[in-house]
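Reminder, nothing fancy here: chain letters follow the sequence lines and each chain counts from 1. This is a predicted model, so every value here is computed, not measured.
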Protein chains: 2
Amino acid sequence: MTRTAQIVSVAREVLETDGLEAVTMRRLADELGIKAPSLYKHVKSRDEILAALQTQAVAELGELLNSDDSADRTGMTGVAARYRAWALEHPALYNLMMRQPLDRERLPSGLEAEAESPVLALAGGDRARARALWAVAHGLVDLELAGRFPPDADIDAAWDAAIDAFERGTRHDSR
Amino acid sequence: MTRTAQIVSVAREVLETDGLEAVTMRRLADELGIKAPSLYKHVKSRDEILAALQTQAVAELGELLNSDDSADRTGMTGVAARYRAWALEHPALYNLMMRQPLDRERLPSGLEAEAESPVLALAGGDRARARALWAVAHGLVDLELAGRFPPDADIDAAWDAAIDAFERGTRHDSR
DNA sequence: ACCTGAACACCGTTCAAGT
DNA sequence: ACCTGAACACCGTTCAAGT
C-alpha cells in the first residue's frame with residue numbers, strides 16, 4: 001500500500017467517523033504519525049484527497065446498484081432501496097460524492113457509465129427519464145440527510161409515491 | 001434598520017456575490033466599517049446569520065411559487081419553471097436554504113406550510129406525493145448546481161421527463 | 001450602548017532544512 | 001526519498017478595555 005493510498009484510506013475513516021470538517025491535514029498526518037507538511041510530498045492538496053474519495057464512492061455505489069441480489073426486491077423498488085440504504089450508511093461520503101463536479105479526467109473510463117447503467121435500464125434506455133429518476137432518488141436522500149423533512153414526515157411513503165409515478169408507462173421523451 | 005438587520009443584509013450581498021466561503025465575520029465587519037468582534041454584540045454567531053438568510057430564502061421562494069403569473073405557464077410546468085429559475089438565480093442562497101435543517105423554532109409560524117402549499121396542490125393534496133415532487137425538483141436543481149450532470153446532458157429534457165412522470169394520474173399513496 | 005486590540009485555538013499551504 | 005519546524009495568511013470567537 002503506497003503512502004498516498006494510506007492517506008486516502010485514513011481520510012475515508014475520518015470522514016465516515018467524524019464528518020468532513022474533521023478531515024484536516026493535521027488530523028490525517030496525526031493518524032499516520034507524521035506532521036501535516038509531510039503530506040504534501042504524497043498528495044497535491046486536501047482537494048485531491050477528497051476527489052479520490054469521490055471516485056471511490058462512485059465506484060462502490062455503482063457496483064452496489066449493479067448487484068442483482070435476486071433475494072432482494074427487484075426492479076425499481078430494489079434499486080431504490082439499495083441506493084437509499086447506501087446513502088444512509090455513508091452520509092458524509094454520499095454528500096462528498098454529490099457536492100462537487102466529477103473529475104472526469106481522473107475517473108477510470110467507463111466508471112460513470114457503469115454506475116448509471118442500472119438506472120438507464122429502469123428508464124427503458126431513455127436518458128432524460130433516467131436523469132429524472134436519478135434526481136428523485138438524490139433529492140429524497142439529500143433532503144433526508146439534511147434533515148429538511150418535517151420530523152413527522154413519512155419518508156417511506158414519499159419513496160413509494162416517487163416509484164409509483166415513474167413506474168407506469170415507459171413512453172419516451174415528450175418534447 | 002437595526003444593526004442586526006444590516007449585518008444580515010450585508011451577509012446576503014456577500015453570499016450572492018462571492019459565495020458562502022466569502023461570508024466571513026471579518027469580511028462582514030469590513031463592509032460595515034467596524035471590526036469583527038463588534039458583530040458579536042448584535043449577533044450570537046455566524047450560524048445565526050446564516051439561519052436568518054435561510055428563513056429569508058424560504059419566504060422568498062415560497063412567495064414566488066404561490067405567485068400565479070397567469071401570463072406564465074400554469075400548473076406543474078409553471079411551478080417547476082419558477083422553482084428552477086429562482087435556484088439558478090440564487091445558487092448560493094438555494095444551497096444554504098437546503099443544506100441545513102430548518103430552524104422551525106425561529107421560523108415565522110405557517111411560513112413552511114405556505115411555501116409548500118402550491119406543491120401540495122399539484123399533488124392533489126397527497127403529502128407523500130408532494131414530497132416526491134419536491135424531491136425531483138430539488139434533485140434536478142441540486143445536481144445542476146453541483147455540476148454533476150455530464151456536460152452534454154439535456155437538462156430541460158430531464159425536467160420534462162420528471163413532469164411527465166408526475167403529471168399522469170393523481171391516484172393516492174399505494175402502500 | 002457600541003466598538004476595539006489582543007489573544008486563543010484553529011485552518012491549508014510553503015519552504016528551507018535536516019536524515 | 002521522506003520528514004520536520006517555522007512561518008504565512010487566514011478562520012470563529014472571547015474578553016478586558018475604552019468611549
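The side chain of Lys35(B) approaches dG5(C) more closely than any other nucleotide in the set dG5(C), dC3(C), dT14(C).
At a threshold of 4.5 Å between non-hydrogen side-chain atoms, the residues Leu133(B) and Met76(B) count as touching. In this structure the side chain of Lys41(B) never reaches within 4.5 angstrom of the side chain of Ile34(B), judged on heavy atoms. When side chains are defined from C-beta on, Gln56(B) counts as touching Val8(B), because their heavy atoms get closer than 4.5 Å.
For the contact set between residues 38-55 of chain B and DNA chain C, defined by any heavy atom under 4.0 Å, the members are Ser38(B), Lys41(B), His42(B). Contact check of residues 18-30 of chain B against DNA chain D (heavy atom, cut-off under 4.0 Å) returns Val23(B), Thr24(B), Met25(B), Arg26(B).
Base pairing of dA1(D): its partner is dT19(C), meeting the Watson-Crick or G-U wobble criterion (both donor-acceptor distances under 3.5 Å). Within the shown strands, dA6(C) is the pairing partner of dT14(D) under the Watson-Crick or G-U definition, both distances less than 3.5 Å.
Distance Ile34(A) CD1 to dG5(D) C1': 15 Å, rounded to the nearest Å. Taking atom CD1 of Ile7(B) as the reference point, atom P of dG12(D) lies 13 Å away to the nearest angstrom.
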- Show the numbers, then the answer: is there a side chain to side chain contact (heavy atoms under 4.5 Å, CB included) between Met97(B) and Leu102(B)? CA-CA 8 Å; Met97(B) 172 181 166; Leu102(B) 271 187; over 6 Å; no
query: For Arg46(B) and Leu28(B), what are the C-alpha separation, side-chain angles and deciding distance, and is it a side chain to side chain contact (heavy atoms under 4.5 Å, CB included)?
result: CA-CA 10 Å; Arg46(B) 178 174 183 266; Leu28(B) 299 184; over 6 Å; no
### Task
Verify side chain to side chain contact (heavy atoms under 4.5 Å, CB included) between Asn66(B) and Glu114(B), making sure each step is shown before the conclusion.
CA-CA 8 Å; Asn66(B) 274 294; Glu114(B) 204 211 313; 3.6 Å; yes
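Atom CD of Gln6(B) has more than 12 neighbouring heavy atoms from other residues, nucleotides or ligands inside a 6.0 Å radius.
Between Trp134(A) and Phe149(B), a ring centre-to-centre spacing shorter than 6.0 Å is recorded.
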